[in-house]
Structure formats: C-alpha cells, structure tokens
Protein chains: 2
Amino acid sequence: MTYSIGQVAEKTGLTTYTLRYYDREGLMPFVKRNQAGRREFTDANLDFIDLITCLKDTGMQLAEIRHFVELAMQGDATLETRLNIFKRQQQAVCNQIKQAKQHLAKLDYKVRYYTAACDAGTEAAVSGDCELPGQPIIIDNQLRVKKVKAE
Amino acid sequence: MTYSIGQVAEKTGLTTYTLRYYDREGLMPFVKRNQAGRREFTDANLDFIDLITCLKDTGMQLAEIRHFVELAMQGDATLETRLNIFKRQQQAVCNQIKQAKQHLAKLDYKVRYYTAACDAGTEAAVSGDCELPGQPIIIDNQLRVKKVKAE
DNA sequence: GATTGAGTTAGAGTATACTCTAACTGTTAT
DNA sequence: ATAACAGTTAGAGTATACTCTAACTCAATC
C-alpha cells in the first residue's frame, strides 16, 4: 500500500507544497518514485514524517532534522549519534515544558488580576504588582466603578 | 530609577536591536525619552517587557502583542477584551504543554529504542515499530553484533 | 577641544520556513 | 482523443522576526 503526495497531505495535515519542500531540503530521501516519477509514500514513510513533525514541533530546525535523516540513512554506524540527538531533544522538551509552566503561572495570575479588575470596573481598584504571581489580589472597594450588591 | 536601552538589554537578554525593533513595531509606546531623545526605561517598563516576552514565548505573534498593548494604553474600557486575550493564551499554553508531553513520550520511546539498538550493535536486532511508544522493545540476540557477556 | 562610547534614525540585509506560479507530464473518465 | 485532474520541476514571492549598517548626536573623559 502506497500513498500519493495528496493523500499524505490529507493524512498529515501538511500541504503538498510543504511535503515537496521537505523532500527538496533532503528530509525525505527515502521516498521512492513510480515509473512516472511520482512519489509513492509507504506507511513507514508516514511514520518517519510523523517523527520529522515531532522534531520540528519541539523546536528542531529543518537543517538539524536533515542531518539526523542523513545519519539514519547511513545505518548502524551512526546509532550512537542518533541516540544522543534524541537524548538532547528529550532534555530540550523537558525544559520547554518547565518554561511553559512558568509562563502559564504568569498567565493564570493575569487572568485573576483582570477578572478582579473587570469586576471592579477599573484597574485602579486592583492592588499589587501585576508581575508577582504569588501576591494576593486585593480590591479597593472605594475605587470601584461598578457597585457591589450589598448582602 | 531608570535604565538605558543597553542596561535593559543586559537585564532582559534581548539585544538593543531587538528592543528598538519592538519599540518601532509599537510594542513599547509607554517608554519615555529624556531631553536628548534617549529611551529611559522604568521598572514598570521592565515588567511589561517581561510580559511581552511571556506572550511571545508562548507563541503570540508581535502583531497580536501590539494589539494587546494598544488595548492596554486605552485604559479601563478594554479590560474585558484584555481578560479574554489572557484566557485564550492560557488555554493555548495548556494545549502546548499537552502536545509537548506527547512529543516527549515519543522521544522517550526513541531513546529506549536507540539505547537497545546501540546495546545490540544493530537496529536489525531491535523489534517493533519505532512509532509505537507503548510497545515493548525486544532484542533478538541472534542478530546482535556486540556479543552479550554470559552471566 | 578632541576622542570615546553609547545612544539615535532610516533603511537594507538575513534567516527560516514556507507558499505559490508557470510550464509541463502522465492517468483516468467521457 | 480530449478534457480534467493530480502530479512534476525550477524558481520566485511572502511572512515573520530579527540583525546590521551608515550617518549622526550627545555626554563624559583626557
């Protein structure tokens, strides 16, 4: 079972332009052609494209990915180099997740801050340094624009 | 206390080129100039630059960030819009973390796979579809290149 | 007062990753 | 056999985010 470039585009979500671009950039030297010169992708090829996508999405540049592909084409002699590439990328993604969580903490604070400000009707009523996620948000009821309902 | 553009570059890790570029792109309309026309950054400005960096690092484009800055400059009338921007970005980062974790699972599998392959000396000895993280990695000792020490 | 150093601008150049166009070819349906 | 369609290439164009250069200004030091 093989797939045309259009079918692969559908399956992967990449455009045919992008797939041909990747091929030209040396990211897919394993894709065979039929007698008419058209690409015929196998299931193994699709798996490899998924891997390329994984590496790209985790911040690896196309040039580095091409390098990895070249190593993979050379067979067992490059096993250790490839292992190290994955170890490095693994570490990189761990750091990315750590950083993303820090960013998320900041965004969480901003949401709480702006929720309080919306509630009060003005930023002036909301205390504190917007940049300190740990800090409690205090509303100065004197400065409210929208009045609070008495209980 | 104010800081020159060079001091801000040191503090933030951005280059002076980048800081001026951001200013030109309308990301820092709040930065004041001294009588000589030089930028004078306040601590509040530094905090805002940190926020810009947070938004950029979580995938927001400079054009969107400029839009947010414009809203912020308009004051309380845009509080809700700004709240919604942060809510959307919060959700975006959650998804990014989820995706990164999936990528990491794939990379973890690759590391285990290549570790086994390095150990065996050849990929041929390592079983299974490299693309299925759940699958156990089995080594065919018949195909080993480096022999295992007998116990 | 000249030099050094850090700032200013406008605008050109670069890197990366696509994205599209034009001209052409081979396969399939009418 | 002709039209429609999906593929092919080389090469140009675009988007985004910087990155640098040139020419100039201002403040401080020798």
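Chain letters run A, B, ... following the sequence lines, proteins first and then strands; every chain starts at 1.
At a cut-off of 3.5 Å, with distance as the only test, no side-chain donor of Thr78(B) or Thr81(B) sits close to an acceptor on the other residue. A donor and an acceptor atom, one from each side chain of Thr42(A) and Asn45(A), are located under 3.5 Å apart.
Atom OH in Tyr3(A) sits roughly 19 Å away from atom C1' in dG7(D) (whole-Å rounding). Here the P atom of nucleotide dG7(C) and the CZ atom of Arg33(B) are 12 Å apart, to the nearest Å. Across the protein-nucleic acid pair, Asn34(A) atom CG and dA6(D) atom P stand 16 Å apart, rounded to whole Å. In this structure, Glu40(B) places its CD atom 11 Å from P of dA27(D), rounding to the nearest Å. The nearest whole Å value for the distance from the CZ atom in Phe41(B) to the C1' atom in dT8(C) is 13 Å. If you measure from atom CD1 of Ile52(B) to atom C1' of dC18(D), you get 15 Å, rounded to the nearest angstrom. Summarising the geometry, the separation between CG on Leu19(A) and P on dG7(D) is reported as 10 Å, rounded to the nearest angstrom. Here dC5(D) presents its C1' atom at 15 Å from CD1 of Ile5(A), a figure rounded to the nearest Å.
Close to dA17(C), at under 4.0 Å from its OP1 or OP2, lies no side-chain N or O of Tyr22(A). Residue Ser4(A) places at least one side-chain N or O under 4.0 Å from the OP1 or OP2 atom of dG7(D).
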>> Strictly under 4.0 angstrom, non-hydrogen atoms only: write out the protein contact profile of nucleotides 19-29 of chain C, one letter per nucleotide from the 5' end, B, S or -.
In response: BBB---BBS--

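Within a heavy-atom distance below 4.0 Å of DNA chain C, the residues of residues 55-73 of chain A found are Lys56(A), Gln61(A), Leu62(A).
Using a 4.0 Å heavy-atom criterion, one finds that Arg20(B) contacts the bases of the nucleic acid, with or without backbone contacts as well.
Applying the salt bridge (Lys or Arg N to Asp or Glu O under 4.0 Å) test to every pair with at least one member in residues 27-37 of chain B, sequence neighbours left out, gives these pairs: Asp23(B)-Arg33(B).
Between Thr58(A) and the choices Gln96(A), Gln89(A), Gln90(A), the side-chain hydrogen bond (donor to acceptor under 3.5 Å, both in side chains) rule is met once, by Gln89(A).
Classified by interplanar angle (parallel below 30°, tilted 30° to 60°, perpendicular above 60°), the ring pair Tyr114(A)/Phe68(B) is perpendicular.
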